[in-house]
Amino acid sequence: MTEPVPHTTARVLPSGIVLSVAENETVMAAAHRAGYYWPTICGGHARCARCVMEIEDGAEAMSEASDEERSTLRKIRGAFRPESERLACQTTLRADVTVRRRGVRPQEPRNQQ
Ligand code: FES
């Protein structure tokens, strides 16, 4: 299997991590591929909203939200505000963006003894 070809970037504040995001790849999937932890409970199924990211710049560059994402944000965050927050596990990019999500960090090495 070949690596996805990066075509946009997502700068994540406050850490300053810059993720290369491939076409049709979600922001959270790009973080995982690059070895970063991104907060999640549901594992990327648009059910927990734990992955939510605040949009600093580039809302117009993000994919359309699915009905499932809209529903989850309304239920858990109280409203669907696509100009200010999106689910990182559902959002793909058409251009570079800057988002804010605390807790994004390098993953802990597994199997430490
Ligand atoms: S990881 Fe659960 S909604 Fe995105």
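When reading the values below, keep in mind they use all heavy atoms of this one structure, side chains included, and skip hydrogens, waters and symmetry mates. It should be emphasised that the depicted structure is a prediction, and the values quoted were computed from it without experimental measurement. Indexing begins at 1, ligand by ligand and atom by atom, following the structure's order.
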Asks: At less than 2.8 Å, how many protein N/O/S atoms surround atom 2 (Fe) of ligand 1? Leave waters out.
Replies: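 With waters ignored, the protein N/O/S count below 2.8 Å is 2.
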Asks: Are Arg47 and Glu69 within salt-bridge range, i.e. N to O under 4.0 Å?
Replies: no
Asks: Going only through I, L, V, M, F, W and Y residues with side-chain contacts under 4.5 Å, is there a path from Leu73 to Met62?
Replies: no
Asks: Among Thr72, Leu87, Ile41, which residue meets the side-chain contact (heavy atoms from CB on, under 4.5 Å) test with Cys48?
Replies: Ile41
Asks: Tell me every residue that passes side-chain hydrogen bond (donor to acceptor under 3.5 Å, both in side chains) with Ser63, counting only those two or more places apart in sequence or in another chain.
Replies: Thr92
Asks: Give a yes or no on whether a salt bridge exists between Glu54 and Arg86, defined as a side-chain N under 4.0 angstrom from a carboxylate O.
Replies: no
Asks: When you group the ILVMFWY residues by side-chain heavy-atom contacts below 4.5 Å and let the links chain together, are Val52 and Ile17 in the same group?
Replies: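 No, because Ile17 and Val52 fall into different hydrophobic clusters, even though each may have its own neighbours under 4.5 Å.
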